[in-house]
Q: 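Take this structure, written in C-alpha cells, and hold onto it; I'll ask about it next.
In what follows, chains carry the letters A, B, and so on, assigned in the order in which the sequence lines appear, proteins first and then strands, with residues in each chain numbered from 1.
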Number of protein chains: 2
Amino acid sequence: MDNNQSTLDSVFHALADPTRRAVIQQLGRGSATVSELAEPFDMALPSFMKHIGVLESSGLIGSKKVGRVRTCKIKQKTLADAETWINEQRALWEGRIDRLAEYVENNLSKESS
Amino acid sequence: MDNNQSTLDSVFHALADPTRRAVIQQLGRGSATVSELAEPFDMALPSFMKHIGVLESSGLIGSKKVGRVRTCKIKQKTLADAETWINEQRALWEGRIDRLAEYVENNLSKESS
DNA sequence: TTGATTGTTATCCATATGGCTAACTATAGT
DNA sequence: ACTATAGTTAGCCATATGGATAACAATCAA
C-alpha cells in the first residue's frame with residue numbers, strides 16, 4: 001500500500017535478476033540458510049551474498065544470524081507492494097477502478113510482514 | 001503467461017526507474033507522443049529517449065512513427081507477465097494455488113497485446 | 001585445541017546505466 | 001525556399017552492478 005517511489009525502485013531492481021528471483025522462489029517454500037540458498041548457483045559465496053544484500057535492503061527478505069548461520073525468510077508485504085503498483089496501472093488503463101478495489105478487499109487482511 | 005527469464009529481467013529492470021514507471025502510468029491514460037511524454041521531466045530529450053528505448057525493448061510499450069512524430073502506447077500483456085510472476089510467488093508461499101488459478105481464470109480473456 | 005564450517009570484509013575488474021552536449025535528419029508550416 | 005519542430009545519432013562521463021579472489025572472523029565438533 002506504500003507505493004513509495006524509492007521502495008519500488010529497489011524492489012523492482014531486486015526482482016530484475018534471475019538469481020534473486022530464484023531465491024525468492026525458493027524462500028516461498030520456507031526459510032533457508034545462506035548456504036542452502038547459494039548451493040544451486042555456480043557463483044562464489046561473496047558474490048551470492050551481494051544478491052542477498054540487495055534482496056534484504058529492498059525489503060523483500062529478512063534475515064537473522066544465530067550462531068554462525070544466517071537464516072533468510074520472505075517478507076510478504078514488500079512483494080505485495082510491487083503487485084499493488086502493477087494492479088493500479090492495470091486498473092487505470094482498463095478503466096476499471098473496481099478491479100483495484102476488489103484486489104485490495106481480497107488481500108488487505110492477509111498482508112502480514 | 002510466458003515467464004521467460006530474460007523477459008522478466010528486462011521488464012522488472014524497466015520498472016525499476018521512477019521516470020519509466022511514470023511513463024507507464026501516463027500511457028495508462030492513453031497513447032501519447034514522445035514530446036508529450038517527455039514534457040514533465042527535467043531531462044534532455046536524448047536521455048529521455050533512452051528510457052523510451054528501455055521500455056520498448058522490454059515489451060512494456062510499443063511505438064510507431066508517422067511523419068516526424070512517434071506515438072507510444074502500452075502493451076498490456078507484458079506488464080501482465082510481471083504480475084503473473086508475482087502472483088505465482090504469492091500463491092506459492094501462501095500455499096494457496098487456488099489463488100493463482102482464480103487469477104488466471106479472471107484475467108486470461110482480458111489479456112490482449 | 002585443532003579443524004572444519006559459515007559467513008564476512010576488502011579489493012579489484014569489466015560492463016551496464018543514466019545522464020549530458022553537439023550535431024544531424026526529416027518533416028511540417030508559411 | 002526558409003524555418004521551426006520532433007526525433008535521432010554519436011560521443012562523453014560518473015557511478016552502479018555483478019562477478020571474482022584473498023584473507024579474516026567466529027562458531028561448532030572431535
Q: Measuring to OP1 and OP2 of D:dG19, would you say a side-chain N or O of A:His51 lies under 4.0 angstrom away?
A: yes
Q: Is there a side-chain polar atom (N or O) of B:Ser47 under 4.0 Å from OP1 or OP2 of C:dC20?
A: yes
Q: Taking B:Ala14's backbone N and O only, do any of them form a donor-acceptor pair with B:Ser58's side chain (distance below 3.5 Å, no angle check)?
A: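 Between the backbone of B:Ala14 and the side chain of B:Ser58 there is no qualifying donor-acceptor contact (under 3.5 Å).
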Q: Using atom CG of A:Asp42 as one end and atom P of D:dG18 as the other, report the distance to the nearest whole Å.
A: 17 Å
Q: Whole-Å distance between D:dG18 P and A:Met43 CE?
A: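 That distance rounds to 10 Å.
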Q: Quickly work out the B:Asp9 CG to C:dA16 P distance and round it to whole Å.
A: 14 Å
Q: Rounding to an integer number of Å, can you tell me how far B:Lys50 NZ sits from D:dT8 C1'?
A: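 The answer, rounded to whole Å, is 13 Å.
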Q: Can you work out whether A:Pro46 or A:Arg68 has the more 5'-proximal nearest nucleotide on DNA chain C?
A: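 On the 5' side of the pair lies A:Arg68.
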Q: Please state how far atom NE2 in B:His13 lies from atom P in D:dA16, giving the value in whole angstrom units.
A: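 Going from B:His13 (NE2) to D:dA16 (P), I get 14 Å.
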Q: Need one value for A:Thr19: base, sugar-phosphate or nothing, where a base atom within 4.0 Å counts as base even if backbone is also close, heavy atoms only.
A: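 No contact at all - A:Thr19 keeps every heavy atom at 4.0 Å or more from the nucleic acid.
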Q: Of the options C:dT6, C:dT8, D:dT8, whose atoms approach the side-chain atoms of B:Met49 most closely?
A: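 The closest nucleotide is D:dT8.
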Q: For A:Ala16 and A:Lys65, find the nucleotide of DNA chain D closest to each by heavy atoms; which residue's nucleotide sits nearer the 5' end?
A: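 Nearest nucleotide further toward 5': that of A:Ala16.
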Q: Within the side chain of A:Glu56, is there an N or O that forms a donor-acceptor pair under 3.5 Å with the backbone of A:Ser63?
A: yes
Q: Does a side-chain N or O from B:Arg70 land closer than 4.0 Å to OP1 or OP2 of D:dT8, or not?
A: yes
Q: Find out whether A:Leu60 and A:Leu15 are in side-chain contact, i.e. whether some heavy atom of one side chain is under 4.5 Å from a heavy atom of the other.
A: yes
Q: Hey, mind stepping through B:Ile74 and B:Leu79 against side chain to side chain contact (heavy atoms under 4.5 Å, CB included) and telling me if it holds?
A: CA-CA 9 Å; B:Ile74 278 195; B:Leu79 193 49; 5.9 Å; no
Q: Could you tell me whether a side-chain N or O of B:Arg29 sits under 3.5 Å from a main-chain N or O of A:Leu92, the two making a donor and an acceptor?
A: no
Q: Starting from the 5' end of DNA chain D, give me the residue, A:Phe48 or A:Val66, whose nearest nucleotide shows up first.
A: A:Phe48
Q: Rounding to a whole Å, what distance do you find between B:Ile52:CD1 and D:dA6:C1'?
A: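 Atom CD1 in B:Ile52 sits about 13 Å away from atom C1' in D:dA6.
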Q: Side chain of B:Leu45: nearest nucleotide among C:dG18, D:dT8, D:dA20?
A: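 The answer is D:dT8, which lies nearest to the side chain.
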